[in-house]
Colleague: 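Before we start, here is the structure in question, set down as structure tokens.
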Amino acid sequence: MQNNIQNNLISWYNQNHRHFPWRETNNPYYIWISEIMLQQTTTEAVIPYYIRFIETFDTIDKLAQAPLEEVYKLWEGLGYYRRAKHIHETAKFIVENYHGQFPTTYQEILKLKGIGPYTAGAICSIAYGFSTPAIDGNVLRIISRLYALTDNIALSKTQKKISQIVSELLTGYDASAFNQGLMDLGATICRPLNPQCQQCPIASFCKAKQTGQEKVLPISIKNIKHKELQYITGIITYQNQYFMVQNPAGLLENLYGFVQYEIESPYRFIEEFEKEYDIPLSLISYHGQVKHVFTHRTWHMHIYHFTLSQPLLSMYELDDIAKIPVSTAHLKVLKQYLKQI
Ligand code: SF4
């Protein structure tokens with residue numbers, strides 16, 4: 001076998017790859033679910049969610065027929081809940097348009113909601129063996145180092161250039177093992193800091209290593225504004241019941257949480273609440289703050305306890321809260337509050 005990048009990477013992958021439940025199948029539906037779960041989430045965190053999800057919905061038909069709330073419940077704690085909504089909508093679309101069979105071409109897969117070029121490339125190469133690149137941050141880093149590219153990988157023109165390089169490398173080789181080999185290499189050896197070049201199966205081809213740039217590359221200058229938001233978050237109770245609302249839209253769409261306003265005082269909170277719900281509130285106590293970090297924003301939630309003089313609709317006892325899908329940010333708020341009473 002010729003000693004080249006592709007063969008070295010593929011045989012290293014075949015002998016050393018990490019074992020995950022989604023690697024024991026080439027069912028495109030299961031691979032799709034795993035790829036969506038793995039977006040923004042670590043493999044360790046995904047494993048139990050993936051197993052539970054596939055056990056509950058072992059076919060696209062079952063997923064499409066389930067109520068959205070059940071899908072959210074299985075997703076609870078995994079974050080980025082829009083993914084669950086897209087999966088559910090897409091399952092229905094596949095049942096209606098493809099008789100419940102996952103589509104079989106890259107272009108059709110790319111048109112599905114919540115699936116971008118990376119996910120489409122990963123599904124096509126892993127499930128069908130197509131020569132489609134799957135370009136994520138790991139691949140951008142490895143290819144930049146391999147070819148000593150000094151282009152900014154945050155720019156889409158660099159990403160296109162790297163996609164073209166991977167596409168040429170892949171053609172004629174085992175695309176599934178090649179793409180997954182890059183994923184594993186990036187996760188275990190060619191890591192962002194301190195790459196372990198002495199263990200790298202493609203070190204003899206790496207221009208960054210040859211020129212001493214492996215700890216400098218890639219260049220990645222992002223221009224993302226991270227927003228810091230301050231909220232007053234209200235634990236509003238009537239006797240042993242908690243008032244919780246379902247978010248109609250936005251970052252936590254469809255998930256339940258406590259009422260919160262982006263204001264600077266609990267007294268302003270009362271004014272806002274009375275305007276919105278037309279019922280008086282009494283301020284009882286302060287319970288500290290919790291922080292929740294999303295990709296482009298951080299919420300600082302200052303927790304206050306208020307009481308109602310009469311119940312509202314949408315009140316839940318603690319046992320009921322465990323049965324509805326609640327955002328992780330607001331579960332943190334509840335935990336902090338319960339710690340102190
Ligand atoms: S030799 Fe080092 S820098 Fe180059 S690909 Fe391998 S781990 Fe990455």
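In listed order, ligands and their atoms are each counted from 1. Because the structure is a prediction, the values reported are computed rather than measured. Numbers here are sequence positions counted from 1.
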Colleague: Go through I303 and Q336 one step at a time and tell me if the side-chain contact (heavy atoms from CB on, under 4.5 Å) criterion holds.
Modeller: CA-CA 9 Å; I303 306 163; Q336 163 92 356; 3.4 Å; yes
Colleague: For S163 and Q159, indicate whether the former's side chain and the latter's backbone hold a donor-acceptor pair under 3.5 Å.
Modeller: no
Colleague: I need the nearest protein heavy-atom contact for atom 4 (Fe) of ligand 1: residue, atom name and distance, please.
Modeller: C206 SG, 2.4 Å
Colleague: Has C190 got an N/O/S atom less than 2.8 Å from atom 4 (Fe) of ligand 1?
Modeller: no
Colleague: Heavy-atom pairs closer than 4.0 Å: do any link ligand 1 to the side chain of A203, the backbone, both, or neither?
Modeller: both
Colleague: Looking just at side-chain N and O atoms, do Q246 and E69 make a donor-acceptor pair shorter than 3.5 Å?
Modeller: yes
Colleague: State, without any angle test, whether R191 and Q196 hold a side-chain donor-acceptor pair at a distance under 3.5 Å.
Modeller: no
Colleague: Would you mind checking which non-hydrogen protein atom is closest to atom 6 (Fe) of ligand 1, with the distance to 0.1 Å?
Modeller: C200 SG, 2.4 Å
Colleague: Taking 4.0 angstrom as the limit and counting only heavy atoms of K209, give me the atoms of ligand 1 inside it, by number and element.
Modeller: 1 (S)
Colleague: Could you tell me whether atom 2 (Fe) of ligand 1 has an N, O or S atom of C197 under 2.8 Å away?
Modeller: yes
Colleague: Among I60, I87, V46, which residue satisfies the side chain to side chain contact (heavy atoms under 4.5 Å, CB included) criterion with I33?
Modeller: I87
Colleague: Between K73 and E76, does any side-chain N to carboxylate O distance fall below 4.0 Å?
Modeller: yes
Colleague: Using a 4.0 Å cut-off to any heavy atom of E214, which atoms of ligand 1 qualify?
Modeller: 3 (S)
